[in-house]
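A short worksheet on the structure shown next.
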Amino acid sequence: MKIVEANGLGLRTRRGWVYRDVDLSAEAGELHAVTGPPGSGRTSLLLALAGRFPHSHGELRRRGPAALGQVAGVHEPDPTLTVAEHIQERLLLLGPVPRRRRQLVPVAAVRARRAYRRDAFAAAIAGAGFTDAPLDPDRYGRDLTPVERQVLGLVLASLSGPNLIVADDVDAGADAPERAWIWAALSRLADQGYAVVASARAVEPGATAITHRIGDPALPGPALVAPRAATEADLTPEVTA
């Protein structure tokens, strides 16, 4: 079942193309990787796929809800909360899964939301399939390493039982063993039936991900936008006749 499908997707602002001509179709149970250099529009594309950012060109169709993992500057851990408190807070906000939706939500997510009063951390980690995760429940958000931030983001995303999970810059600040672990973890999420789309500078050798490269200066493609703090005017899609 196709969860998200983009055809000729692009975003053009007053400063030029952020990304363009992206074709991506992700089904339930698939892991996709969006790769490219800094400034290639990876983050903007991921947010658009999740319905959190506009696009100005092409078509985008998505089936069911999407959830964000770690996206720097957009969806990050609270520095004053521990890992366990992040999970408890998310479960309290989500509440129990309504009976009418239980067949649409992964069993692991339903169990985690039922268990939040007993052992939210263990239930959430097990539900995401991350029992080997390098994550301390008592560690504060401000002290998390880049990989720990990614792991927490993925665990929190899985709790809502979405159809699509997106995570940005999954290889940032990680060494080779950490990169291997995070790609294996993303594959395990996909194996549970989620459509998973992650961005990275490159895909770790051996990772079972369908790769989409954008913004490669050696290939015909979008004019890259130099990274800087975006203004409201910048993010206004260009209107074409």
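As the structure is a computational prediction, the values presented were derived from the model and not from experiment. Note that the numbering runs from 1 along the sequence shown for the chain.
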Assess, by modelled atom type and distance only, whether the side chains of Ser187 and Thr208 contain a donor and an acceptor separated by less than 3.5 Å. yes

Looking at Gly69, is its backbone amide N or carbonyl O close enough to the side chain of His75 to form a donor-acceptor pair, meaning the two atoms are under 3.5 Å apart? yes

How about Arg61: does its CZ atom have over 12 heavy atoms from other parts shown lying under 6.0 Å from it? yes

If you group Ile, Leu, Val, Met, Phe, Trp and Tyr by side-chain heavy-atom gaps below 4.5 Å, do Ile87 and Leu93 land in one group? no

Arg188, CZ atom: more than 12 neighbouring heavy atoms under 6.0 Å: yes

Leu47 backbone acceptor or donor facing Arg52 side chain under 3.5 Å: no

Kindly determine whether Asp169 and Arg149 satisfy salt bridge (charged side-chain N to carboxylate O under 4.0 Å, His left out), including the steps that lead there. CA-CA 11 Å; Asp169 266 344; Arg149 294 165 75 88; over 6 Å; no

Determine whether a donor-acceptor pair (N or O, by modelled atom type, separation under 3.5 Å) exists between the side chain of Arg12 and the backbone of Trp17. no

Look at the side chain of Ser158 and the backbone N and O of Val155, then say whether any donor-acceptor pair between them is shorter than 3.5 Å. yes

Taken to the nearest 0.5 Å, the spacing of Phe121 CZ from Asp136 CG works out to 7.0 Å

Between Thr82 and Asp138, is the side-chain hydrogen bond (donor to acceptor under 3.5 Å, both in side chains) condition met? List the steps. CA-CA 5 Å; Thr82 66; Asp138 298 320; 5.5 Å; no

Can you tell me if Asp171 and Trp183 form a side-chain donor-acceptor pair at under 3.5 Å? no

Are Leu60 and Ile210 in one and the same hydrophobic cluster, where Ile, Leu, Val, Met, Phe, Trp and Tyr link if side-chain heavy atoms are under 4.5 Å apart? no

Between the side chains of His86 and Gln88, is a donor N or O closer than 3.5 angstrom to an acceptor N or O? no

